[in-house]
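Beneath this line is the structure, given in structure tokens, with notes to follow.
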Amino acid sequence: MTTYSEDVIIGEDDYYFYNDLSHCSANTFVQSNVGSLSTGKYIVTKDFCLELINVSNTKLEFKNLMLGGSMSATPE
């Protein structure tokens with residue numbers, strides 16, 4: 001996953017989808033899970049966990065469970 005802010009790359013991370021909140025705590029990233037699921041309630045990386053709130057063709061809303069705060073993204 002590549003993360004951008006105002007067209008500038010601010011991070012690149014391996015990630016996986018997961019449905020169990022237990023993978024959203026420190027030191028629970030499992031590299032072998034990368035690419036294993038195509039859906040899930042959470043996006044898990046080594047550094048953060050995002051709870052997907054709303055996913056549509058035009059908007060992505062999520063909450064960062066490790067840092068706190070809600071965010072959204074749109075295609076523009």
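The first residue in the sequence is number 1, and the count goes up from there.
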Practice problem: Identify the heavy atoms of L52 and G40 that sit nearest to each other, and give their distance. | Solution: CD1-O, 3.5 Å
Quiz item: What closest approach, in Å, do F29 and V34 show between heavy atoms, and which atom pair accounts for it?
Solution: CZ-CG2, 3.7 Å
Return the [atom1] to [atom2] distance between [X] and [Y], rounded to the nearest 0.5 Å.
| X | Y | atom1 | atom2 | result |
| --- | --- | --- | --- | --- |
| D14 | N33 | CG | CG | 11.5 Å |
| N54 | E61 | CG | CD | 4.5 Å |
| I43 | L65 | CD1 | CG | 11.0 Å |

Would a 4.5 Å heavy-atom cut-off, applied to side chains only, mark [X] and [Y] as touching?
| X | Y | result |
| --- | --- | --- |
| D13 | F48 | yes |
| L37 | Y16 | no |
| T45 | L50 | no |

Hey, quick one: are [X] and [Y] part of the same hydrophobic cluster, counting side-chain heavy atoms closer than 4.5 Å, chains of contacts allowed?
| X | Y | answer |
| --- | --- | --- |
| M1 | V8 | no |
| V55 | F62 | yes |
| V30 | Y15 | yes |

